Structures are given as C-alpha cells and as structure tokens.
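What you see is a predicted model, and the numbers here were worked out from it, not measured in a lab. Residues: numbered from 1 along the sequence shown.
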Amino acid sequence: MARDDNLMRHAPERVALFQELFSAPSRVLVLRALLRKPLSYAELFDVIGDTMSRPAVHAALIDLRGMGYIEDDAPDGVVRRPQATVFTARRDLVTRDFGQVLEFVLG
C-alpha cells in the first residue's frame, strides 16, 4: 500500500476522491474554468489558453467526468464527445465534497 493510501484509509470515500482531484493541477484548472460557466471544447481551450496541451485538457475532462465533478450534453454511450459538446461543473457535488474535506480536516 502506498504511503498516501495508508494516510487516507480512514478518510471518507469522497474526501479521498477530492484529494485526488487536487493532485493534478490540470484537473483543478479545468474544473475552475467550468465552475464559472458551462463551456464547449473550443471555449474551454480559449479559457485555458496555452497553459495546458489539448491532450491534457481532454485527460482532465475524462478524469473529472469519472469523478462525477462534471457532466456534458453528449448523448449517452458516446465514447468520443463531439466538438460541440458543452461541459458543466457539478457545483453541488464540488461544494458537498469540499465541505466533507473541511469536516475531515477539522476533525
């Protein structure tokens, strides 16, 4: 078991997941952009600028979707999202998980 896994073994599942979110700056930057407003691929690339490569943005979107922190309007079952896909942050889930992290840290 990795040291970090050992340290987080008593943390609630969503607290550990939120910690994972913050372990990758690319996920934080993409989520931050989407928390402001829903964005399409093109709009997201404009907001992110040249601070991240397109593959890094795509990887962050996949991770964030898997974590449940973002949703999109692509049809169900689509593996490759169309360029017109709009991504939306789940502010409710981000807020709830952040609150759980504070509760866990503050004891």
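- Between Gln83 atom CD and Phe45 atom CZ the span is 6.5 Å, to the nearest 0.5 Å.
- For residues 74-93, the pairs satisfying ring-ring contact (aromatic ring centres under 6.0 Å, His included) are Tyr41-Phe87, with sequence neighbours left out.
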**OP:** Could you walk me through whether Val86 and Leu39 pass side chain to side chain contact (heavy atoms under 4.5 Å, CB included), step by step?
**Re:** CA-CA 5 Å; Val86 174; Leu39 299 168; 6.0 Å; no

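- The side-chain heavy atoms of Glu71 and Arg90, taken from C-beta on, include a pair separated by under 4.5 Å.
- Rounding to the nearest 0.5 Å places CZ of Arg54 at 9.5 Å from CG of Leu44.
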Show me the donor-acceptor pairs within less than 3.5 Å that the side chains of residues 24-36 make with the rest of the protein, sequence neighbours left out.
unit_1 : atom_1 : unit_2 : atom_2 : d
Arg27  : NH1    : Asp63  : OD2    : 2.9
Arg27  : NH2    : Glu20  : O      : 2.7
Arg27  : NH2    : Ser23  : OG     : 3.1

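- One distance of note links CZ of Phe98 with CG of Leu21; it measures 10.5 Å at 0.5 Å rounding.
- Taking 4.5 Å as the limit, some side-chain heavy atom of Arg96 sits within range of a side-chain heavy atom of Arg14.
- Ile48 CD1 to Glu43 CD: the interatomic distance, rounded to the nearest 0.5 Å, is 12.5 Å.
- Here the side chains of Val15 and Asp97 are not in contact, with every heavy-atom distance at 4.5 Å or above.
- Phe18 contributes atom CZ, which lies 14.0 Å from atom CZ of Phe104 (distance to the nearest 0.5 angstrom).
- The hydrophobic cluster containing Val78 does not contain Val57, counting ILVMFWY residues as joined when their side-chain heavy atoms lie under 4.5 angstrom apart, directly or transitively.
- For Ala74, the side chain to side chain contact (heavy atoms under 4.5 Å, CB included) test picks out Asp72, Arg81, Pro82, Thr85, with sequence neighbours left out.
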